[in-house]
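So that the names make sense, note that chain A is the first sequence line, chain B the second, and so on, each numbered from 1.
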Number of protein chains: 2
Amino acid sequence: MSKQDKREEIVRAAMELIAEHGFHGAPMAMIAEHAKVGAGTIYRYFENKDILITELYRDLEEKMFPVIREGYELNKPIRERFIHLGTGLLRYFIENPLDFRYLEQFHNSPYGVEHRRDKILGEKEGCHEFRDLFEEGVSRQIIKDFPLVLLFALSFGPLVSTARDHILGFVTLDDDLITRIIEACWDGIKK
Amino acid sequence: MSKQDKREEIVRAAMELIAEHGFHGAPMAMIAEHAKVGAGTIYRYFENKDILITELYRDLEEKMFPVIREGYELNKPIRERFIHLGTGLLRYFIENPLDFRYLEQFHNSPYGVEHRRDKILGEKEGCHEFRDLFEEGVSRQIIKDFPLVLLFALSFGPLVSTARDHILGFVTLDDDLITRIIEACWDGIKK
DNA sequence: TAAAACGGAATGAACATTCACTCAGCATGA
DNA sequence: TCATGCTGAGTGAATGTTCATTCCGTTTTA
């Protein structure tokens, strides 16, 4: 196995185990075993578990952003753009349940809260599309006049909740339902 | 300290520490110390940590339901009833951040998922108000025709996200904002 | 004063991380 | 060309730490 392959095997195994069992349900020894690698080998690629966890997250972000942006057209009406981004994101979560579960684990941990704080205070988002959309919508009086953080909460809250329900098997989302859900999200924030 | 007091001290300490640091950041020894109690004493009241955790949750549910129901009037219009329940819940979360954080910890853990699965499959909710409201709203064509689980996700998703943002200090919710948020939730589910 | 409740040191299990060692592959020199 | 030595990735047993839980001597209660 090449060096690159080995790193990828570790990432894959860590992702799977953490997504499924949480950070504390995925000991390094188990990750090593699933990656078919010695326990010590992981430490040749990642300084420690914390760093493995945050690098996994960074990898994921970089993988997601282009997918969300795909087919996004700035000249379309705001509502249409919102629906495009929203369905894209929800679809991504449903098609990549492991990614979604990993994101949830990360966000519900001290890592995630810190990360979020940095982002909000430092304004250093990795994906400007939603923010720009909200700002434009508010200034053009199309979207309710809430602080940006709340517009995010009002849009992503239901989106994430529905994705979770689908992935946990409490409901089955098809294309029609996905569209209607995102439209409902839009109804929540539009004026 | 009386026996009852001791139990309450343990519950309070466990609640505080778990809400703040998560299940894994709140060792039994630390809980004991904060409750000013020997480590072994906890085990006289709770068989083990899992049982402590789930009983804490049950206590919380029983404490919350009456607060949410307070002032609820079945003869009011559906929209008004929804706003009443919603603002009550959001207000409760904001006034009891520890309770909220504990609920989040619980729901994002294997305990919570199992609990939720039981609830949804067994239809054994502890609080029927929201469900009844949604069912009535759907059948009277006032609320969008989504499966019940999705109506919950669409309502609670944003509610929980905004509560979290407030508690983590990303935004400050006042009475006006709370009302507008719940109205936005309503806009999301109403036809 | 017998019984129940406590306290907290002791125990053992589960981990993250380390480190001494192996060995495949490559370079060097004869 | 082949023998020899070197390098550094890879390994997994060993280490040290952090818990949950237990156990027994002590204190409180009735």
Side-chain angles (χ1 to χ4, degrees), chain A residues 1-59 101-102 105-106 108-112 114-115, chain B residues 1-59 101-102 105-106 108-112 114-115:
Chain A
M1 211 191 303
S2 85
K3 195 168 162 167
Q4 196 51 45
D5 286 351
K6 206 152 272 196
R7 200 197 124 104
E8 266 169 35
E9 276 303 288
I10 293 169
V11 166
R12 193 191 47 74
M15 195 76 163
E16 275 179 25
L17 288 170
I18 293 175
E20 203 151 336
H21 304 116
F23 297 127
H24 297 281
M28 292 298 256
M30 198 188 282
I31 293 172
E33 197 186 340
H34 277 242
K36 295 200 186 22
V37 139
T41 307
I42 297 179
Y43 290 86
R44 303 203 131 276
Y45 294 88
F46 304 95
E47 204 178 318
N48 56 46
K49 196 174 181 178
D50 277 18
I51 286 179
L52 169 63
I53 286 169
T54 49
E55 282 210 19
L56 243 51
Y57 179 79
R58 248 191 285 280
D59 280 12
R101 301 253 274 155
Y102 189 87
Q105 298 285 355
F106 187 84
N108 292 314
S109 72
Y111 308 109
E114 242 2 85
H115 184 262
Chain B
M1 211 190 305
S2 84
K3 198 167 160 167
Q4 195 51 44
D5 286 351
K6 207 154 271 196
R7 199 196 124 103
E8 267 169 34
E9 275 305 287
I10 293 169
V11 167
R12 192 191 48 73
M15 194 78 161
E16 274 179 25
L17 289 169
I18 293 175
E20 204 151 338
H21 305 115
F23 296 127
H24 297 281
M28 293 300 256
M30 198 188 282
I31 293 172
E33 197 186 339
H34 278 241
K36 295 201 187 22
V37 140
T41 305
I42 297 180
Y43 290 85
R44 303 202 59 72
Y45 294 88
F46 304 95
E47 203 178 318
N48 57 46
K49 196 174 181 179
D50 277 18
I51 286 179
L52 169 64
I53 287 169
T54 48
E55 283 210 19
L56 244 51
Y57 179 78
R58 248 191 285 280
D59 280 12
R101 299 255 273 156
Y102 189 87
Q105 297 285 354
F106 188 84
N108 292 315
S109 72
Y111 308 109
E114 242 1 85
H115 183 262

Let me have a per-nucleotide readout for nucleotides 15-21 of chain C, 5' to 3', with B, S or -, counting only protein heavy atoms under 4.0 Å. SSBB---
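Between D:dA9 and A:Arg44, a contact under 4.0 Å exists linking OP1 or OP2 to a side-chain N or O.
Of the inter-residue distances, the one linking B:Leu17 atom CG with B:Tyr102 atom OH reads 11.5 Å to the nearest 0.5 angstrom. With values rounded to the nearest 0.5 angstrom, B:Met30 atom CE is found 11.5 Å from B:Ile18 atom CD1. Atom NZ of residue B:Lys49 and atom CG of residue B:Leu56 lie 11.5 Å apart, to the nearest 0.5 angstrom.
Rounded to a whole Å, the CD atom of A:Glu33 is 13 Å from the P atom of D:dT11. Rounding to whole angstrom units, NZ of residue B:Lys6 and C1' of C:dA4 are separated by 12 Å. Atom OH in A:Tyr45 sits about 15 Å away from atom P in D:dG8, given to the nearest Å. Regarding A:Lys36, its NZ atom lies at a distance of 17 Å from the C1' atom of D:dG12, rounded to whole Å. In this entry the distance linking CG of B:Asp5 with C1' of D:dT28 reads 15 Å, nearest Å.
Aromatic ring centres of A:His115 and A:Tyr57: separated by under 6.0 Å.
Heavy-atom contacts from other residues, nucleotides or ligands closer than 6.0 Å to CD of B:Glu114 number more than 12.
Remark: A:Glu16 engages A:Arg12 in a salt bridge, criterion side-chain N to carboxylate O under 4.0 Å.
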